[in-house]
Structure formats: structure tokens, C-alpha cells
Number of protein chains: 2
Amino acid sequence: MAEGPTINTIARRAGVSIASVSRVLNGLPTREETVRRVLSAAEELGYVPNSVARSLKNRRTNQVAFAMADIGNPVYLAMVREIQPVLRAAGYRLLLHSTDADVADELDVLRGLGERYVDGLIMSPLRVTDEHLRALAAARAPVVVIGSVPEGTGVDNVRADSRTGVRLALDHLHGLGRRRIAFVNGPTDTVPGAARAAAYREALAALGLPYDEDLVEVGDFYRADGAAAVQALLDRAADVDAIMCANDLIALGALDVLRRAGRRVPEDVAVVGMDDTYLAAVAWPALTSVSLGSARRGRAAAELLLDRLENGQREPRVVTVEPRLAVRASTVGVRAAETVESGGSSWAAGEIGAAGDGGSTGDGGEGSR
Amino acid sequence: MAEGPTINTIARRAGVSIASVSRVLNGLPTREETVRRVLSAAEELGYVPNSVARSLKNRRTNQVAFAMADIGNPVYLAMVREIQPVLRAAGYRLLLHSTDADVADELDVLRGLGERYVDGLIMSPLRVTDEHLRALAAARAPVVVIGSVPEGTGVDNVRADSRTGVRLALDHLHGLGRRRIAFVNGPTDTVPGAARAAAYREALAALGLPYDEDLVEVGDFYRADGAAAVQALLDRAADVDAIMCANDLIALGALDVLRRAGRRVPEDVAVVGMDDTYLAAVAWPALTSVSLGSARRGRAAAELLLDRLENGQREPRVVTVEPRLAVRASTVGVRAAETVESGGSSWAAGEIGAAGDGGSTGDGGEGSR
DNA sequence: ATCCCATCCGTAAACGTTTACAGACATGGT
DNA sequence: ACCATGTCTGTAAACGTTTACGGATGGGAT
């Protein structure tokens, strides 16, 4: 393993001191002649600066980490896809931590900041415990949290707004004449689960619809749980005419069961998903889904972090991303969905933004499993 | 920003030298009393070792990078999901590079190894140019390539075996009585595109079926391309009774068009995808798909790299991962698929392995877009 | 008492950079 | 001729670790 050339090798070869080499390589003013000697020596030797040594001296690594539960989850995936190019453009490399939503792991990551292997961290925990808050307060590097965190935690925070999101969906269903709108949620002890449960009650009330326990099911955030929940729902409340699902995976499970039960979607039962992952466009019929802006949240987080790295003293900021409704066949039917399909973003067919209230009352910064 | 404590701070506080501190923290034999003093000082100060300084001294960073075209592609995603835990268990952090299949970017990553910010690299390029080979030869750290690379390139190499994979699919279709089997491919100047084109011809020959140009379409690896290609196919060869797609996205496009054209899947036309991404299970009808083992390739790559990091002198190895066929509704129908669904892996319904030849004649180590 | 050896620990150098400081030299003004 | 000024470059310290080396200490054998 031929040891690579260092600044010393170059200095000797060019007959100058290492200080001069460093100056030339960093573009500091230097005599023309010296510049030429150094550059050609560097060229000949194929010199590449050692980033570790540089980091040690400069006290910055040009690395940033993103910690989330599971990169396989399309929500986090959408975030990574936005975060990466933003950081890259600013000269940062991206490190990935998959924590499996394990609290101990997440805390480890936070403590690990003391090792100074990254300049900052973006993190999106599923649950936020007191320990999280303490670790955040003690963090040795700037942290941006995606997902709501109490005011005064002292970190930059990017939030979703499930309240408005759920309302968009229920307004849409109500507008289509649906009145028996069920809700299939994930665990209510998670940040998104809790926010979405509350949002459902509120939206019903706003529409003047009664809250009917028979129409509510709670499982986990996966497809199989969605299927089981909807099966139970059909057994108990056969007259359901719409199902609001707390994420797209649950909605996929719903589609499976409805198909098997011979219910047509959307004629008999309309289905709405949440997170507007690309699974929504793959499903059949394509899923109408509430976008909580995973991509936009990712981008916002990256930008907040970069800004904070420039200016460490700035007051912590809270950014809330507005939800949108991507309308597809699972609520309006294949025909109608097609007429609208030309516009819109990469995944969405027709998009409907938040009403008009600015949506900044948001509560849920989420990323459901 | 209170500067964190260093080994020096601890040494002063404990009244010992920095050498002793280091020894204690690294578990080298030391007098009981000293150990206690150092540990309690470290504890009180909340000391965390600086990984950058450590890396500089030790000449290793405990970081590994994975470079691929686009983390949004389910194939690479599957790889990351396997790579991450393997590396993590061995104490390495994972860095991500999304190169957009840009050759210059990929070469930059390879050259960047000289900066020594990682100990090794796993890379999965879509196209392998001469420049790639040169850069690989000159790489300043161990590299594992996922995707075929010529013998003698001197790097560890993980390959898929599309030849066997395509044969599995065509055997399956032939066994179902299909004789007019079309092929929709991606660009043939990519590693996977080229391999799959050749594999299709071979498999046809082995089955005694004629090669009919009318049954072959080439587009890009995306859903829209698949849709366009299949539309053209239907216009030209109305009697097609099966479509082999070069990846799952293309297959999704095929399903769209077939549905619109009123062709039943699989009764009228059977469809097979490739890569067996989780999209296959989401589609309707669920897609039969050739798994080229993205996950297993990811794992193999990570293991090869770890092994190489232990033993830098070892001869380069080639690992070929066996393809499998995940049989689902798009070829055998919903009923039949269900009876088989209980077994199998996380995504696959029924799986069929390679015939019996060991499959190590493989050529294509791929990751289609 | 003397010597030897083992045990423990401190000094200092090294990893590869950046940068404050000061020395060397040339230029121009008086 | 001298001094002030400016430009360029070299010396050395620093970033926070690890580790080779040797010095100090104490115990046991003679």
C-alpha cells in the first residue's frame, strides 16, 4: 500500500516549505513562480489532501448525518432524496443512520455528536420521549428535528400539519357525498398516530358528522394491519362508504380487503391514504392521498441545518409544511382521475392545497411507519 | 459553544498524564487507582473521544461509502437496507453518494478515496466505462463493485445472473403454455440492459422458440417507457400472450396499458417483472418477478468489503448471486397465487430457485433504473 | 546492601493539515 | 546611504489522539 503523498512530499519535491504548499493549495496570495512549482509537484505526485487532517485542524468535517427509523419507509426515502442534493451542493457529505425507531439507538446518535464526526444532524424520531428532549438540549452539534418537538427545545424544527391534512381529505370525501367515513390509524402513542387521531375527530366535528367508535380502528402502520383493521370494520359497520387511512401502507391493505370482499373502490367505498408516497401511484386503483410534504420537509430541514451551520447563534426556527391532497382514482374513479392527471407533481394527479388559513397551527411533524 | 473536554482536560483533572488517560480509555493494563481516577474524571466531564483525531492517528475512519445512481430506485434501496446493518454491526458508519448515474460524479467518488474520509467503498455503477476501470485500478482504498466488471480488474465483485434469471422466467411462462413471449428492455448500453437482451435470446433458443423482432421493444427503465413500449407492442403483435419486462417499473407500465386495452392479466397476457422490488407485491395483479437478489447482493458486497478491510492482501473475489423467481398473480392468476402465498420471503409469494447448474456462469451484476 | 526485574507512568513524537509570526529581501522615498 | 514599507516565505505551534521509549519505584533474590 504505497503511502499517499502528503503536503511534505510536495514541499520537498518543489523545494519549498509546507506552509507555502498549503498556501498555494488554498489559493492564498503567493509568488507566481512558487505557485507553479507547487502545482506541478502536486500534479505529478497525484496529491489529494487528507480530509481527516484537515477536519482536525479546521474543526469541521463537512459531513452531516440523517437519522430516521428505517430507510425502507417511503416517507424517509422521500426526505433523503431531497436532503442529499441540498447538502451536496453546499459541500457536505451525507451519513445515514437507521435506528429502527429504537430509543436507545436514537440517543446514541445524539450523544455520538460529541465524537465530532459530523457537523450537524437531521433527525426524525417516531416517538419523542423526555430523554430525547434532554439529549437534544445537551447535543454537541446543531440538530434539526423533523417531527414536532415542544416550543423552547432549542432546536430547529420542521413540522407537518396533519390536522389540516386530515381535514382536506374529509372535506374532499364529504364533498363527494360520503357520510360514513371510517378512520384506520396507527399506534396512538407515536407522534403521527396521536396527531392524526385528534385531527380526525376535529374534522368530523367541523363537518357536522358524528364521531362513531365503530368507524375507528387502530393497528400498526403496515399493510397487514390495515387489512386486518378494514376486515374488522366491514364486519362491524357494513355501511361504511369511505375509509381514511393514517398512511399509504394501511390504505394498500384496505384495498386488498375491499377487493376481496367485492366492494368496488371508489363506487362503494372511497379510500384515502396519507403521506402520498409513490406507492399511491402504483396501487390499483391509484390512491388519493394526503401529502404531508415529506420531500418538502426534508428540503426544509436541510436548509435549516445549512443555515444554522453558517450562523450558530441564530434563534431556533419552526417551519411548518402545508399539506396537500393528491386526488386519484380511489376516490373519484379512474375516469375522473385521468382527466386531471396531466398537471401536478411527479406523483400527484390533481393536487388540492390547504384551505386558506396558512396551516401553521400544525401539530404533527411526522413520518409514520 | 463550550469547547468539549479533551484527553488533556481529563489528565489535568485526574492528575495524570495524557498517556495514562489514553491507556485507561483503551483498556490497556493500568494500576487500579489510576483507572478509577481517570474514569471518574472522564465521567464528570462528560468526555467523548474525538473521532477525527483518532482517525488521523489510526489511519482509519470507520466509515464506508455506498455509491449508486439513485437511492430512490428500489433496487438500490434494497441494497442499502442490507448493507447498513452489516456495516453497523462491524462498527462502521455508512455514507451515501447518489450519483445520478453521472460518470463524472462516479469518478469523483473514486478519486475522492484519496481524501481518506472512508476506509472503503461499495459502488454500483449503471454503466462501466474504461475510465471506470482505470479509476478502479488507481483507487486509494478497497472497493467492491456490484455489477459485473471484467476479470482482472483487481476489485471484489458481486454479480447478478440475468441469464439464469431470464431463463427461469421464460421456462415458467413456457410451462404455462405461452408461446408468444415479448421482451421489453431498457437501454442496451447499460450493464443490465445488455445482459438481459442476450439472456432473452438465449432463453428463447433453449426453449426452441423463434426470435421475433416484433416482440422486442427497447425504452428506458421507467414506468412510462414500459407503457409506451407495450402500447407499440400491442399495435404490432396483437397475438402476444406474455411479456417479460426488464424491470418492475416497466412491468407496472405494462399493466397500465394492458388494463386500458382490455386485456386480462394473466388470462390474456401474462406479465413478468424483474428485480422483485416491493412494488411487485403492491401492483395489481401482484407481479411475478425475477429476483436478482438485490438484498443478497448488498449483503455480499458489505461482507466482502469488511473482509477486505481486515485482510487487504487477499485475492479479489467474485461472488455471483443466484436469481429466483417470485411467482405471483400476474402469471398464475389471483387464485393460484394465494394458495402459495403463505411460504416464501417477505415479498415473494412462491419462489423458484435456479435450475441445478449452480448459476455461476452469471454475467450481469446489475441494478436497473 | 546490592542488583535485577517487573510494573507503572510520563515525555515526546507522530498522524497531515492550517496559520500566526517573524525573518529575508527588494523597492522606493528621503 | 539609510530607513520605511511591502511582499514573500519559512519556522513552529496547534488541532486531539496513540504509542515507543525510558525513568522511577518497589520487591525479591543474592
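Within every chain, numbering begins at 1; the chains are lettered A, B, ... in the order of the sequence lines, protein sequences first and strands thereafter. Source: prediction; values computed, not measured. Computed from heavy atoms alone, side chains included, the values below leave out hydrogens, waters and symmetry copies.
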Distance below 4.0 Å between [X] side-chain N/O and [N] OP1 or OP2:
X: S22(A); N: dT18(C); value: yes
X: S17(B); N: dT11(C); value: no
X: T6(A); N: dG16(C); value: no
X: R31(A); N: dT7(D); value: no

Provide, to the nearest angstrom, the distance between the [atom1] atom belonging to [X] and the [atom2] atom belonging to [N].
X: I18(A); N: dC8(D); atom1: CD1; atom2: P; answer: 20 Å
X: R54(B); N: dG16(C); atom1: CZ; atom2: C1'; answer: 19 Å
X: Y117(B); N: dG16(C); atom1: OH; atom2: P; answer: 19 Å
X: R59(A); N: dT17(D); atom1: CZ; atom2: P; answer: 11 Å
X: L56(A); N: dT17(D); atom1: CG; atom2: P; answer: 9 Å
X: R23(A); N: dT17(C); atom1: CZ; atom2: P; answer: 15 Å
X: R36(B); N: dC9(C); atom1: CZ; atom2: P; answer: 12 Å
X: K57(A); N: dT17(C); atom1: NZ; atom2: C1'; answer: 8 Å

Look at the side chain of R116(B) and the base of dG16(C), then say whether one donor and one acceptor between them are separated by less than 3.5 Å.
no

Given that N58(A) and L25(B) both sit by DNA chain D, which one's nearest nucleotide is further toward the 5' end?
N58(A)

Calculate, to the nearest 0.5 Å, the distance between atoms CG and CD belonging to D156(B) and E315(B) respectively.
10.0 Å

Begin from the C-alpha positions of S98(B) and D70(B) and carry the test side chain to side chain donor-acceptor pair (under 3.5 Å) through to its verdict.
CA-CA 5 Å; S98(B) 249; D70(B) 170 20; 4.5 Å; no

Salt bridge flag under 4.0 Å for residues E131(A) and R111(A):
no

Charged N to carboxylate O below 4.0 Å: is that the case for R36(B) and E33(B)?
yes

Identify whether any heavy atom of P49(B) sits under 4.0 Å from a base atom; if not, whether one sits that close to sugar-phosphate; answer base, sugar-phosphate or nothing.
sugar-phosphate

Base, sugar-phosphate, or nothing for V16(A), non-hydrogen atoms under 4.0 angstrom?
sugar-phosphate

Nearest heavy-atom contact between L110(B) and H132(B) is CD2-O, 4.4 Å

Please figure out whether N8(A) or T30(B) has its closest DNA chain C nucleotide nearer the 5' end.
T30(B)

N50(A) has its side chain closest, among dG10(C), dT9(D), dG16(C), to dG16(C)

